Structures are given as structure tokens and as C-alpha cells.
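It should be emphasised that the depicted structure is a prediction, and the values quoted were computed from it without experimental measurement. First listed ligand is number 1; within each ligand, the first listed atom is number 1.
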Amino acid sequence: MALLDILVYPDPRLRNKAKPVDRVDLAIQQLIDDMAQTMYAAPGIGLAATQVNIASRILIIDISDNKNKLQAFINPEIIRATGEHEYEEGCLSVPGVYARITRPSAATVRALDREGNPFEVTADGLLATCLQHEIDHLDGKVFVDYLSRLKQERIRKKMHKELRQQEPEPGRRQAI
Ligand code: NI
């Protein structure tokens, strides 16, 4: 397994739109393993392939306390979204920044698993937020896009400042 580099906002490569995976083969499974190692090391609870500069529609999530329930979603599609809730989101590509974002509170997602088998999940709470946040990444979108222009500008300045200085302090909150 290998640790991958995570792109940091406002890197323009975070705007790439990921392409569907044609075939789930060993190379895709290897990529999922590398993404998992990268996500756990960060540490984070979700990671999209876009964030490691790979333009394939793959995301992984593990919201379990013991970090032993990895879920991989290949070619994920939201087929239904209902309700509304607000959650304080963070992102491994925007280290140290957290903001309250409103999204549908429940989402049904169809995808392929690590073996290439289709499945469907209806998620609510944190999992629903994570899935929508990660699918946004695959579409070239970052959670700060939902904030006002002024806030986005402040975050860009903060990122530039931190890149000049050093690694941001590890946050106590979870980043996706
Ligand atoms: Ni993110």
C-alpha cells in the first residue's frame, strides 16, 4: 500500500470532473487500498479519488469509531435525496477549516462495491452528509463553494498563509 498526496484547496485539480470506472479490476482495488491508507493516516472519515488527483468516480468512507468499517463506492449516484439538515463539515483538502453546510438529510445512493457488485444504500445523518460531500468532490466541487464569496476569499487567504508557514495544527474535528 502507498500513501497518496492529498490536493489542498484552492488547487485547480480539485475542479476536475471524475470519469466513471469501466471495470473494477485489481488496479482499482489497489487504488481503494491506497486511498484507505491515506484517509486513515490523515486522519479523515472520507476521501474521494479527485482529492488524490485521480479522475475516477471512486470514494471511500469510514465513519465507525474503531475505523474498521471501510465502505467503497464506485460510480456512486444519488437517486433520491430528502429533507434538510445542517452539519459542520471539514475536508482533508481544506485543512483546519470547518463550516456549517445545509444539505438533504437523507440520500439513497447506488454504486458498485470493491468487488464490482451493484448495491444501494439509504443513508441519513453523518453518512448522508459524507456521501454528498464526497460525490461533490467527484464533480469538481468543494464544500467551501456553498459559502459566501467573502468567506471563500478568507479561506483562500488562510490556505496560502498556512502553506507559507507550516502544517496546520491537527483539528479535533473530523475531516471528510
Ligand atoms: Ni472533502
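- For D65, there are no salt bridge (Lys or Arg N to Asp or Glu O under 4.0 Å) partners at least two apart in sequence or on another chain.
- Within a 6.0 Å sphere centred on CZ of R114, other residues, nucleotides and ligands contribute more than 12 heavy atoms.
- The only member of L131, L47, D136 that meets side-chain contact (heavy atoms from CB on, under 4.5 Å) when paired with L59 is L131.
- More than 12 heavy atoms of other shown residues, nucleotides or ligands fall within 6.0 angstrom of atom NZ in K67.
- Other residues, nucleotides and ligands place no more than 12 heavy atoms under 6.0 Å from the CG atom of D5.
- Only protein atoms were considered; those of element N, O or S under 2.8 Å from the Ni ion (ligand 1) number 4.
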Problem - Steps toward salt bridge (Lys or Arg N to Asp or Glu O under 4.0 Å) verdict (R23, D25) - result: CA-CA 6 Å; R23 199 161 57 98; D25 55 14; 3.6 Å; yes

